[in-house]
Amino acid sequence: MIKFTVNGEAHSVEGDGTLPLLWYLRDVATLTGTKYGCGAGLCGACTVHLDGEAVRSCVTSVAAAEGKAVTTIEGLAENADHPVQKAWAKHQVPQCGYCQPGQIMQAAALLAKNPSPDTDAIDEAMAGNICRCGTYPRIKAALLDLAEPAS
Amino acid sequence: MTDYFDLSRRRFLRTTAVAGAAVFAVPLLGRRAVPGAVASEAAAADSEARLFVALQPDGTVEITCHRSEMGQHARTAVAQIVADELEADWDRITIAQALGDKRYGDQNTDGSRSIRFNLERLRLVGATVRRMLRDAAAERWGVEPGSCRAEQHRVYHDASGRSLDYGELVEAVAGREPPTDVTPKDRKDWRYIGKGKAIVDMDDIVSGKATFAADVRLPGTLVAMIARPPVVLADVASVDDSAAREVSGVVDVIRMPALTENPVMFKPLGGVAVLAEHTWAAQLGRDKLKINWSESPNAGYDSASFRGRLEAACREPGDVHRSKGDVEGALAEAGDERRHAAEYYVPHLAQAPMEPPSATARFENGVMEVWAATQNPQADQSLIAGLLDLPPEKIKVHVTLLGGAFGRKSKPDFSAEAAWLAHKSGRPVRVQWQREDDIRHGFFHTVSAQRLEAALDGDGRLAALRHRSTFPTINATFEAGAEVPGFETDLGLSDAPLAIPHIQAETGRAPAQVRTGWMRSVANIYHVFALQSFLAEMAHKAGRDHRDFLLEAIGPDRVIDFKAEGSKFDNYGADFDEYPFDTGRLKHVLRRATGMAGWGRELPARSGLGLAVHRSFLTYVATVVEVAVAEDGSLRIPGTWVAVDAGTVVNRDSVRNQMEGASVFSLSYALHSAITVKDGAVEQGNFDDYPVARMPEAPAAISVEVVDSDAPPAGVGEPGTPPFAPALCNAIFAATGKRIRELPIGDQLRA
Ligand code: FES
Ligand code: FES
């Protein structure tokens with residue numbers, strides 16, 4: 001029995017520990033905010049936090065989540081009012097929106113570590129997240145807007 | 001004939017009370033008004049067809065969007081139009097998504113036409129409901145309707161200081177006969193139209209609640225993954241599914257009906273489906289299938305050697321689509337000094353929307369219900385009706401949000417797969433395409449070779465141009481063996497806006513050996529890449545500034561009469577009087593974009609500015625790209641400037657967003673993307689071997705100017721795409737002297 005929490009709630013998985021966390025979240029826990037884009041760690045659509053670290057849930061097995069805290073887009077902030085979510089609305093970032101849960105989770109993890117990222121830091125942190133609609137300039141603008149002035 | 005709803009025939013509203021709400025139903029009226037085809041009774045009688053507007057008992061205005069939302073913000077734009085004319089409070093509207101139903105008229109969300117086809121019609125719907133609310137209030141007060149006014153969800157009688165909320169008028173308005181003499185607002189009174197309204201789906205998107213196709217959850221659903229033939233038209237010769245059936249969670253393995261004949265249409269490819277309790281089991285099971293595939297007539301297709309055939313065709317005279325003056329004579333006479341020729345090549349491409357195709361289907365009580373990420377639910381309906389021999393009215397297609405589409409999702413083979421499997425298995429089925437399925441089994445952007453040849457006159461001006469293009473045509477998808485292109489010639493080939501004495505456009509012939517389909521801006525992708533690059537080559541040959549040379553070649557401000565120019569250009573199906581090709585507007589966007597970019601300014605070594613301009617989908621777009629190419633050949637794009645004239649726009653910020661996104665989309669195929677085919681099978685599979693642009697490569701900023709215009713609305717989703725790639729390649733030439741004639745750029749700049 002593999003045990004972990006998802007957005008603060010206890011979850012347990014019987015059986016196959018190789019099941020990717022992505023499919024556990026989407027198909028078993030029916031938390032469908034986490035998206036499938038490539039299944040191979042190439043696009044970032046499936047990004048969630050594992051003990052605060054951004055990980056690709058499509059290449060993270062449930063066994064790897066044992067004893068850890070998983071946070072998905074649904075659990076990022078109580079009323080979807082995380083600063084990143086608010087900045088996304090302010091900058092009208094989303095086009096189709098499909099990649100955005102992954103982008104937001106990635107961005108939130110970046111800011112948690114580095115509250116004042118510059119352009120290069122943003123490029124580096126976000127390079128793994130594809131947006132086929134091409135919202136990169138707006139994601140960047142939103143993140144620069146959020147970046148605290150370096151002290 | 002007009003592209004707009006015919007105002008003289010607008011007995012179009014019926015009201016009916018449904019569960020306490022007043023429903024305003026729009027009858028069967030397509031893009032072009034059909035004489036006598038007013039089916040309002042039927043529409044009103046069908047309480048499920050919530051056509052366009054319903055007023056709920058609490059006063060909430062429910063606006064039905066009959067176009068698919070795929071990131072272009074159609075749902076927001078439709079709401080802006082109706083709510084504006086209705087004088088609805090933006091916070092008291094909700095958006096319903098229409099089922100596929102021919103009573104909405106055209107629902108094919110493709111070709112950048114949502115606003116063009118619907119602005120006037122939706123304005124009229126909103127304005128008519130506003131008028132009815134006003135009249136109902138006036139009647140209750142016993143005053144002249146003309147002395148009342150509607151504003152922000154209330155009707156006012158200023159003289160007596162009385163007012164009523166829309167919610168208090170629901171019953172009164174439900175039984176009223178709709179007026180037939182409604183005039184929509186004056187555009188200066190628009191409150192929402194033309195503004196950058198925040199999108200209606202924002203909260204759902206950023207909270208992860210937005211429902212895309214694969215997010216639909218029905219009880220008892222099985223997930224299907226399908227092993228499709230690697231070569232189009234191959235069938236399953238034999239299958240060993242024993243290992244697949246042993247995978248825990250796998251419920252069934254079902255052979256799909258084969259597709260073995262052209263034309264492929266939108267039909268499913270066939271193959272073997274693994275149905276499982278969840279996606280992962282379906283994928284594991286599918287990977288364990290052992291299938292032998294039969295031979296296909298397409299098995300000999302090799303895109304590398306096919307290139308030679310395309311290029312050879314471009315060196316011979318082809319089918320003529322435009323001919324003016326004497327191109328051959330002018331080219332022959334010019335001599336090497338003043339003549340230049342170049343060949344261009346663009347590979348097959350895949351749309352690769354972020355959300356791979358997915359659909360859920362459920363068959364119950366003779367009714368097939370489908371939830372799909374489809375651009376054209378009516379196409380799903382008719383495809384499924386044919387496949388399962390069901391009447392179309394027994395097929396209900398719900399349109400989810402689309403996680404990008406770019407043309408892929410106007411071909412609903414994936415919906416038909418889900419419907420067929422649900423019908424066969426008796427369980428609800430969700431078909432999930434893996435990314436690899438999407439890359440390998442798509443409807444690909446075609447492969448093309450082009451040869452351009454031009455001559456300068458004695459004063460260094462462009463005098464003659466011959467543009468030859470050869471590519472397998474999309475027509476072959478619908479007509480077996482078709483090799484002569486159709487509408488593609490209108491997309492950047494027969495519409496070159498040049499005031500030169502000799503011009504000719506031709507195409508060669510080539511067979512399609514993979515499924516071929518539309519991709520954002522379609523043939524403009526390759527035609528505009530070649531033409532706008534080649535015109536820069538000619539400017540260079542003439543020793544002139546590219547912008548000056550181009551402005552001169554476009555010539556005086558005028559409306560181009562393509563017929564007189566020997567061109568068959570069809571203007572995207574639009575009336576030339578309503579949507580003239582205006583070179584003044586074209587030159588204006590070019591001047592604006594180059595102005596914003598500071599064209600001509602000093603740049604560091606190995607940096608350059610490049611430009612391109614094009615009118616597509618009736619919209620004028622000019623793009624300027626600044627590039628910096630490092631010694632190792634890697635490049636950065638510090639800035640991009642776009643000027644767009646799309647006529648009347650509904651959501652200014654969405655227009656900007658589309659220009660930004662289209663630029664990045666173009667960047668992907670300019671830098672990286674290529675689909676290659678060997679032995680009939682696609683060689684790529686995922687974002688590792690089919691790379692698309694990522695943030696560090698994208699322009700750090702894209703500045704967009706939306707030109708103010710009262711002209712009729714034109715397209716927005718696609719026209720930003722074509723100019724970016726040639727502008728980038730022209731910038732690379734300015735920076736390095738290296739001319740890119742083949743996409744993707746790949747490692748062509750590496751030493
Ligand atoms: S779906 Fe996990 S990285 Fe693409
Ligand atoms: S917003 Fe569509 S993929 Fe990013």
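Quick caveat, the model's predicted, so the values are computed rather than measured. These numbers come from the heavy atoms of this one structure, side chains and all, not from hydrogens, waters or symmetry mates. In what follows, chains carry the letters A, B, and so on, assigned in the order in which the sequence lines appear, proteins first and then strands, with residues in each chain numbered from 1.
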Taking atom [atom1] of [X] and atom [atom2] of [Y], what is their separation to the nearest 0.5 Å?
X        : Y        : atom1 : atom2 : answer
B:Asp438 : A:Cys38  : CG    : SG    : 12.0 Å
A:Thr32  : B:Phe212 : OG1   : CZ    : 10.0 Å
A:Asp16  : B:Leu284 : CG    : CG    : 7.5 Å

Are side-chain heavy atoms of [X] and [Y] found at a separation under 4.5 Å?
X        : Y        : answer
B:Thr279 : A:Arg26  : no
A:Pro94  : B:Met202 : yes
B:Glu660 : A:Thr135 : no
B:Met695 : A:Asn129 : no
B:His278 : A:Leu19  : yes

Using heavy-atom distances under 4.5 Å, tell me whether [X] contacts chain A through its side chain, its backbone, both, or neither.
X        : value
B:Gln432 : side chain
B:Ala405 : neither
B:Arg430 : side chain
B:Ile199 : both
B:Ala214 : both
B:His73  : side chain

Please assess A:Tyr136 against B:Glu697 for the test side-chain contact (heavy atoms from CB on, under 4.5 Å), listing each intermediate value before the final yes or no.
-> CA-CA 10 Å; A:Tyr136 303 126; B:Glu697 303 159 327; over 6 Å; no
At a heavy-atom distance under 4.5 Å, which candidate from [options] has the highest pair count against chain B?
options                              : result
A:Gly33, A:Cys133, A:Cys131, A:Cys99 : A:Cys133
A:Lys86, A:Arg138, A:Glu124          : A:Arg138
A:Gly128, A:Gly97, A:Gly39, A:Ala141 : A:Gly97
A:Pro101, A:Ala127, A:Ala80, A:Gly15 : A:Ala127
A:Cys43, A:Ala89, A:Pro20            : A:Pro20

Counting heavy-atom pairs under 4.5 Å to chain A, which of [options] comes out on top?
options                                : answer
B:Ala352, B:Gly685, B:Ser654           : B:Ala352
B:Pro353, B:Ala662, B:Ala693           : B:Ala693
B:Val206, B:Val664, B:Asp204           : B:Val206
B:Arg656, B:Glu436, B:Met354           : B:Met354
B:Arg520, B:Gln72, B:Gln434            : B:Gln434
B:Ile702, B:Leu401, B:Asp215, B:Asp688 : B:Asp215

Examine whether an atom of [X] lies under 4.5 Å from a heavy atom of chain B, and if so say whether it belongs to the side chain, the backbone or both; otherwise answer neither.
X        : value
A:Ile122 : both
A:Gln100 : side chain
A:Val93  : backbone
A:Tyr36  : both

Hey, are A:Asp27 and B:Arg217 close enough for a salt bridge, meaning a charged N less than 4.0 Å from a carboxylate O?
->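 Salt bridge between A:Asp27 and B:Arg217, a charged N being under 4.0 Å from a carboxylate O: yes.
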Side-chain ion pair, A:Lys35 and B:Glu355, N-O less than 4.0 Å =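 Between B:Glu355 and A:Lys35 there is no salt bridge, as every charged N stays at least 4.0 Å from the carboxylate O atoms.
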Which heavy atom of [X] sits nearest a heavy atom of [Y], and at what distance?
X        : Y        : value
B:Ser207 : A:Gln85  : CA-NE2, 4.0 Å
B:Pro356 : A:Tyr98  : CD-OH, 4.1 Å
B:Phe687 : A:Gly37  : CE1-O, 3.9 Å
B:Pro699 : A:Pro137 : O-CG, 4.0 Å

Does atom NZ of B:Lys209 have more than 12 heavy-atom neighbours, drawn from other residues, nucleotides or ligands, at distances under 6.0 Å?
->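 Not more than 12 within 6.0 Å, no.
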Under 3.5 Å: donor-acceptor pair, side chain of B:Asn657, backbone of A:Gln95 |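 Answer holds: no.
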